Every structure is written in C-alpha cells, then in structure tokens.
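Written out below as structure tokens is the structure these notes cover.
Small disclaimer: the values here were computed from a predicted structure and weren't measured. Basis for what follows: all heavy atoms, side chains included, without hydrogens, waters or symmetry-related copies. For ligands, and for the atoms within them, numbers begin at 1 and follow the listed sequence.
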Amino acid sequence: MIIVTGGAGFIGANFVLDWLRDCDEPIVNVDNLTYAGNAETLAPLAGDPRHIFSQVDICDRAAIDALFVTYRPHAILHFAAESHVDRSINGPAEFVQTNVVGTFTLLEAARAYWNGLAGDEKAAFRFLHVSTDEVFGSLNPTDPAFNEHTAYAPNSPYSASKAASDHFVRAYHHTYGLPTLTTNCSNNYGPYQFPEKLIPLTIINAIGGKKLPVYGDGKNVRDWLYVTDHCAAIRTVLQKGVPGETYNIGGWNEQANIDVVHTLCRTLDELRPSASGTAYAAQIEFVKDRPGHDRRYAIDATRIERELGWRPAETFETGIRKTVLWYLEHPEWVAGVTSGSYRHWMETHYAGTV
Ligand code: NAD
Ligand code: DAU
C-alpha cells in the first residue's frame, strides 16, 4: 500500500493510472479537489478496490495521521501542490499554505508514523517529494543545465514555496533520519493537464478559434518531458533511489515557447485542419510578459540515468502528437474543466488581450 497526494491532478492522476495498470499494489489517493483536481480523470478506476480515494486537505494533520494509522503505507509520494506560476503571482498565500505548510504537515505525520515502525518496515519506508526545476532559478543561454548541486534561486512565489518545501524535506532527513527522496523535474505535458498551462491552452484555444497567447518575445526556454516518462522516473526513484538524495528529471529537450506553439499549430494543421483552411499559426498573439519571467530552464539528467538507469521513452515529436490526439479525442474531459472558474481565470488573467 502506498499513499499518493494530489492524485486527482495532472501528474498525480497519470501516476495513479500508470501504477494500477502495471501492478496490483493499492493506492490511497489523498486530494482535496481544488480547481486543478478532477475526479473525472479517475473515472476509469471507479469500483476498483485497489484505488481508495480520500478527499482530504494535506494541511489537515488529524486526517493525515488517521490515513497513516489505517493504511500503514510503505511509502508516501507527495504530488499535491498549487502548481501554476501565474496564479502564484496573483495570489501567493495559497501557495505558502499548500506547498509549505502542507508539505510540513505531511512530514510531521510521516515522521510520527515512521518512528512507530521497527526493523524492515522502518528501513523500507520512503517519503518521496515531487518537486520542480524552477527552484534553481533562471539560466543564461550558455549556462550549463541544472544538476543536483546547482544552488537554489527561486524567482516566483510558486518556486519559492516549492524551494521551501524541498528544504523542509532535506532537513527532515538530515535531522530526524526520515528516509526522504526528492525529484526535481522539468515541464511536463500530456493527457489530463489543466488547460491553464501552455500546451493544453494552445491546443484548446486553437481549435476553439481563439488567440494563442505567447508571453513577451516567446523566446523563454523550457525543457519538456512527456508525463508518463516523469511517472516512470518517480517509480524508479522510489525503487532504487538513495534516501536523503535528490534526482533531477528532464527530457533533454529544450524548446523556446514560440517553437512549441508553432509545433502544436503544425500538428493541428495536419490532424484537425481549421474549417477556413487558415493555418493555426495565424492565431498567435504576443501578449504582456509574465512578471519576473524566468528566461531559461535546462535539466542535466545524467545522475538518474547513470545511477538508476532511467531514460525518457518519448521524444518531443512522439509526445506532442500523442498529446494533441488525446485532447482532440477527449472533448468531454475538456468541456468538464473549462467551465465556471476556468472561464473566470481566462477572462481576468488575459484581460481581453486574447
Ligand atoms: P496540478 O495543479 O495539476 O495538481 C495538483 C493536485 O493537488 C490537484 O489535484 C489538487 O486538487 C491537489 N491539491 C492542491 N492542494 C491540495 C491540498 N491542500 N490538499 C490536497 N490536495 C491538494 O499539479 P501537477 O502539474 O500535476 O503537479 C504535481 C506536482 O508536480 C506538484 O508538486 C508540482 O510542483 C510538481 N511538478 C509539476 C510539473 C509540471 O510541469 N506540471 C513539473 C515538475 C514538477
Ligand atoms: O518547470 C516545471 C514547471 O513547469 C512546474 O513546476 C510548474 O508546476 C508548471 O506549471 C510549469 O511551469 P511553467 O510556468 O514553465 O509552465 P506554463 O505552462 O505556465 O508556461 C510555460 C511557458 O510558456 C512559460 O515560459 C510561460 C509561457 N506561457 C504560458 C502561458 C500559460 C505563455 O507564453 N503563454 C501562456 O498563456
């Protein structure tokens, strides 16, 4: 039995679905279903006794303690977070609460539970913390990629809150000996990603005939990894990672945002040409830049490849094609998440510019 937090979100849900496709070990899925959590994503698991969904806030210590006592997991994999940089700029408080206080609460609950274990059970327990490359800050064009020794320099309220949570995880290993593992991954894309993020937003706006907003000059660079590759990397770290260590995860795939948007437009031109026959790229609109927008992220994934034997299976070309096809084939999922609060976010954040 493992506990997963945030398993109704983009990466957490992909992780849960992949895990239960490949093995029979049950999962307790702890998620309080914020705007980014979607029970619909987990519909394929309805009635599956291996999936126990618990709608609980990770800041609720008593509820988390009860889950540890009831299910006696051998690991907790912590995905739950507020994850969108733009929202952290508009309202950072929620990010401090969930990402910092929530992680601290889980660490305290895990420490109490782990202290009560003995022998093999105690030695085998793991707290795996899912983090981001954004904690390392921004790179210049010729800087080497982030590795596990790169100094932290978070620039947004989101990345500062994730950095703080990483530091707590590190301290709980160093001070209390809690067997922690931390992963720092680059930008994920794939099925079930909430369409506030660049790739699903571009796909959905394109086929909806709307503008495709690109911040600033569009030359900010991100490293992109297909989500199931990230999930496989996390399983690998859980199995083989050394407690107390951190592992960078990336796709060796740096792309400027404008190139990503053009790739999506070309893929859509082929798979779902616009009714008017106009290329989707005509819908691109450069808009006001994100405040404090990090210029470049790049991941050196040598360590996880060499020490643990993980490598990404998808290329950007295969991953993007799968992603575009998935969004085209799942209009009902898209409709379910693009109503109400999503429309409000789009109207206020882009303020009529797209
Ligand atoms: P997401 O926003 O899609 O999902 C977050 C999930 O956490 C949602 O289901 C939400 O309901 C849940 N949640 C939020 N606050 C909670 C709380 N207080 N209690 C319980 N559940 C709560 O996020 P994602 O993109 O799937 O990211 C998952 C993790 O991976 C995050 O920790 C993020 O920092 C990290 N990460 C994301 C990326 C990426 O590109 N998306 C890359 C690297 C690391
Ligand atoms: O690097 C890992 C991080 O990747 C994760 O930790 C975050 O949780 C995840 O949200 C993601 O952060 P980004 O800010 O990089 O992702 P986003 O999809 O919001 O933006 C990707 C790039 O595209 C970024 O440079 C901003 C730009 N962008 C984004 C949006 C939403 C645009 O140009 N236009 C947009 O409308």
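For ligand 2, none of its N or O atoms has an N or O atom of Asp86 under 3.5 Å away. The shortest N or O to N or O distance between Ile199 and ligand 2 is not under 3.5 Å. By the 3.5 Å distance cut-off applied to N or O atoms, Tyr158 is counted among the residues near ligand 2. In terms of polar-atom proximity, defined here as any N/O pair under 3.5 Å, Trp224 makes no such contact with ligand 2. Of the N or O atoms in Glu196, none lie within a sub-3.5 Å distance of an N or O in ligand 2. Note: an N/O pair closer than 3.5 Å links Pro213 and ligand 2 by distance alone. For the pair Asp133 and ligand 2, the shortest N or O to N or O distance falls below 3.5 Å.
Counted by atom type alone, His51 and Asn29 present one or more donor-acceptor pairs between their side chains at under 3.5 Å. Between the side chains of Arg222 and Tyr189, not a single donor N or O lies within less than 3.5 Å of an accepting N or O. In this structure, a donor-acceptor pair under 3.5 Å is present between the side chains of Asp86 and Tyr215. In summary, the side chains of Asp166 and Ser131 do present a donor paired with an acceptor at a separation below 3.5 Å, with no hydrogens or angles considered.
Judged by the 6.0 Å distance and 45° axis criteria, Arg87 is positioned over the aromatic ring of Trp345.
Between Tyr297 and Phe146, the ring planes lie tilted relative to each other; the angle falls in the 30° to 60° range. Ring geometry for Phe127 against His129 counts as tilted: the plane angle lies between 30° and 60°, on a 0 to 90° scale.
Under a 4.0 Å criterion applied to the non-hydrogen atoms of Lys197, ligand 2 contributes the atoms 10 (O), 18 (O). Short contacts between ligand 2 and His293, defined as distances under 4.0 Å to a heavy atom of the residue, involve ligand atoms 24 (C), 25 (O), 26 (C). Close approach of ligand 2 to Thr132 is summarised as follows: ligand atoms under 4.0 Å from at least one heavy atom of the residue are 1 (O), 2 (C), 3 (C), 5 (C), 6 (O). In the vicinity of His84, heavy-atom distances shorter than 4.0 Å reach the ligand 2 atoms 19 (O). Contact atoms of ligand 2 toward Val214: 33 (O) (distance under 4.0 Å to a heavy atom of the residue). Atom numbering of ligand 2 starts at 1 in the shown order; those under 4.0 Å from a heavy atom of Val85 are 14 (O).
With a heavy-atom cut-off of 4.0 Å, Leu201 touches ligand 2 through its side chain alone.
Put simply, the residue from Val221, Asn140, Asn220 that forms a side-chain contact (heavy atoms from CB on, under 4.5 Å) with Arg296 is Val221.
For atom 18 (O) of ligand 2, the closest non-hydrogen atom on the protein side is Leu198 N, 2.8 Å. The shortest contact between atom 12 (O) of ligand 2 and any protein heavy atom is with Glu134 OE2, 2.8 Å. At the top of the distance list for atom 9 (C) of ligand 2, counting protein heavy atoms only, stands Ser83 O, 3.9 Å. When only non-hydrogen protein atoms are considered, atom 27 (C) of ligand 2 lies nearest to Asn257 ND2, 3.4 Å. Closest to atom 14 (O) of ligand 2, if we only count protein heavy atoms, is Arg290 NH1, 2.6 Å. Scanning the protein for heavy atoms near atom 29 (C) of ligand 2, the closest one is Tyr215 CE1, 3.5 Å. With respect to atom 11 (C) of ligand 2, the closest heavy atom belonging to the protein is Asn187 ND2, 3.4 Å. Looking at atom 36 (O) of ligand 2, its nearest protein heavy atom turns out to be Tyr350 OH, 2.5 Å.
Salt bridge Asp65/Arg61: present, at least one basic N to carboxylate O contact under 4.0 Å. Look at Glu245 and Arg303 and you find a salt bridge, because one of the NZ, NE, NH1 or NH2 atoms lies within 4.0 Å of a carboxylate O, short of that distance.
Sorted by chain and number, the residues within 4.0 Å of ligand 1 by heavy atom are Gly6, Ala8, Gly9, Phe10, Ile11, Asp31, Asn32, Leu33, Thr34, Ala36, Gly37, Val56, Asp57, Ile58, Phe79, Ala80, Ala81, Ser83, Thr98, Val130, Ser131, Thr132, Tyr158, Lys162, Cys185, Ser186, Asn187, Asn188.
Other residues, nucleotides and ligands place more than 12 heavy atoms under 6.0 Å from the OH atom of Tyr152. Heavy-atom neighbours of His174 NE2 from other residues, nucleotides or ligands within 6.0 Å: at or below the threshold of 12. Taking a 6.0 Å sphere around NZ of Lys288, one finds it holds 12 or fewer heavy atoms contributed by other residues, nucleotides or ligands.
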request  = Begin from the C-alpha positions of Asn205 and Met346 and carry the test side chain to side chain contact (heavy atoms under 4.5 Å, CB included) through to its verdict.
outcome  = CA-CA 11 Å; Asn205 275 16; Met346 294 301 285; 4.3 Å; yes

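Legend: side chain to side chain donor-acceptor pair (under 3.5 Å) pairs involving residues 106-117, not counting sequence neighbours, sorted by first then second residue: Glu108-Arg111, Glu108-Tyr172.
Looking at residues two or more places apart in sequence or on another chain, you find no salt bridge (Lys or Arg N to Asp or Glu O under 4.0 Å) involving Asp289. With sequence neighbours excluded, no residue forms a ring pair (Phe, Tyr, Trp, His ring centres under 6.0 Å) with His344.
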